[in-house]
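One structure is given below, encoded as structure tokens.
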Amino acid sequence: MITLKGIAAAPGINIAPAYKFGKEDLEIPKEQIRQEEIPVQIQLFEEALISTRREIIELQKRISTEMGQEEAQIFDAHLLVLEDRMLIEEVISRLKKDQINVAFIFSEVLKKYIEVFAKIEDEYLRERIADLNDVGKRILRNLLGKEHKSLKDLKERVVVVAHDLAPSDTAAMHKQMVCAFVADIGGKTSHTAIMAKSLEIPAVVGTGEATVKIKTGDILIVDGTMGMVIVNPDEETLRNYQEEERKLKGVAERFLQVKDLPAVTLDGKEVEISANIELPDEIPSIKIHGAHGIGLYRTEFFYMNRKDAPTEEEQFQAYKTVAEELSPYPVIIRTLDLGGDKFLSQFEMPKEIQPFLGWRAIRFCLARPDVFKMQLRAILRASSFGKLKLMYPMISGVEELRQANAILEECKNELRQTRVPFDENIKVGVMIEVPSAAMTADLLAREADFFSIGTNDLIQYALAVDRTNEKVAYLYEPAHPAVLRMIKNIVDSAHANKIWVGMCGEMASDEIFTLILLGLGIDEMSMPSLAIPQIKYIIRSVTMAEARTIVEEAMSLSTAKAVEHFLQEKLKAILK
Ligand code: PEP
Ligand code: MG
């Protein structure tokens, strides 16, 4: 039995056998295939060659601008390997003859080539071994990535163990089959972790070495609440965990009793509590947990795990369904937030060195008005079927807001001209998740209908801590005085301009911060639905006067640790 410590990414405990998954896993499976599978395998091989070619050309372009033409020429040799007819033909003919999966055949052929080259006296040819190795690995990774069974196709309940998981991998998981997941890398507010919470799949990320220590088939206890993974537990540990699971359910019962009641303080101040969703499939679950509306619909997940981008009509149907199902409660649709840790194959998005600081969210949309307008029109059309609002992600200043609004206005005019109905009074908000927006909230508040604070990004940008990097996770501190001051500034600026301000970052779902957010005057808290009952319970247990006193004291402390400790004590007193 061994225990791995990681970051608690999504709460809950589950016990099941491990299933290792991922591109980085270059253990190449050997699988016999049937005659009729040969064409598909050849196609996989061709696609892997094309993807590898694309990767190398992209890399070459980057190196050329960053380091110079000469350094970039190294990759010409890599590209030549991809065009080596002898190698390609040998793979295809052995595939036909041996009827074994193409990744295995390719790795064998590659090995043979490397052995032959290693024996040759010619120095130039021997140097080609490094190129062969490098390109070979790239091809294999692309092959395994494509060839790997999708997480959609699992046939038994497992714990998925991976080096890293893309948000799209998580989105493809089925709760019935994936009962937990564990990753070597990743942070608490990465979109992979957020998706796990929405799907109610316990998850531990940032374990560092799970893929080294765990084999497929090992029995795992995944404790997503404490951030622990126990590999091949003994009898006693198993029993203790089963007991712990029962206790957790007992605590949850207490909160569930208030889930359908309003989140109103003892002295009568009501806070709106809504849910964050990634996919419309989550609607039944958010209703069960007592959400009064959707405060953040992350629409980009709708574009994932499919070949083509959704059409305007498809988007319209999806948004209409969400609007109708939630009516009379409001739904805030966040426009496309691509980039960062979310990429789509439909749009050619270049690999960037700092994707969170790069071509992301509203920046992408303003550069691709064709994609943006299609989504805006779909949202506008759906707005006549319920209470829809829309908001833009990653606005960094007034200018971007104006540009986005100008495009929205064009869409409205197009619809007016064709007499397509939409809500003429649709509210348009700004996500405050970039420090420059937080510091100019007073200026933005004059031109926005509402704000929603995206703490996941705001914290990463304010504290210069990558939200997906486990190595700096200890610095990711929502209670940092800088963050608290920014939130205060945002709320005060919004209220001074008489606009509503919500919070849809994960901070809104962390019970430690409920009292301080309440005291700061946040109008709405939007969160993964699992958290709703507990947050309602806390709000219903205090007065606004108490919450304001807590704010005053917390804001006078100098460190995040001191703030957290103080808030924890206050919360304990309330929950006892
Ligand atoms: C945020 O940044 O806090 C947010 C809610 O948006 P996302 O997590 O999708 O970046
Ligand atoms: Mg964000």
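Values reported hereafter were calculated over all heavy atoms of this structure, with side chains retained and with hydrogens, waters and symmetry mates removed. For reference, positions follow the sequence shown, starting with 1. All ligand and atom numbering here is 1-based and tracks the order in the structure.
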Test salt bridge (charged side-chain N to carboxylate O under 4.0 Å, His left out) applied to R298 and D337, step by step: CA-CA 8 Å; R298 290 184 168 96; D337 181 12; over 6 Å; no

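- Restricting D457 to its N, O or S atoms, the one at the least distance from the Mg ion (ligand 2) is OD2.
- Within a 6.0 Å sphere centred on NZ of K387, heavy atoms belonging to other residues, nucleotides or ligands number 12 at most.
- With 3.5 Å as the limit, one finds a donor-acceptor pair spanning the side chains of S526 and N276.
- Within E433, OE1 is the N, O or S atom that lies nearest to the Mg ion (ligand 2).
- Geometrically, R381 does not engage F422 in a cation-pi contact, judged by NZ or CZ lying under 6.0 Å from the ring centre and within 45° of the ring axis.
- Closer than 4.0 angstrom to ligand 1 lie heavy atoms from H191, I194, L296, R298, R334, D337, K342, R360, M431, E433, G454, T455, N456, D457, R467, C504, G505.
- No cation-pi contact links K427 to F450, judged by a cut-off of 6.0 Å to the six-membered ring centre and 45° from its axis.
- Heavy-atom neighbours of K259 NZ from other residues, nucleotides or ligands within 6.0 Å: above the threshold of 12.
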Side chain to side chain donor-acceptor pair (under 3.5 Å) between Q317 and E313, intermediate numbers included: CA-CA 6 Å; Q317 290 298 342; E313 188 58 29; 3.2 Å; yes

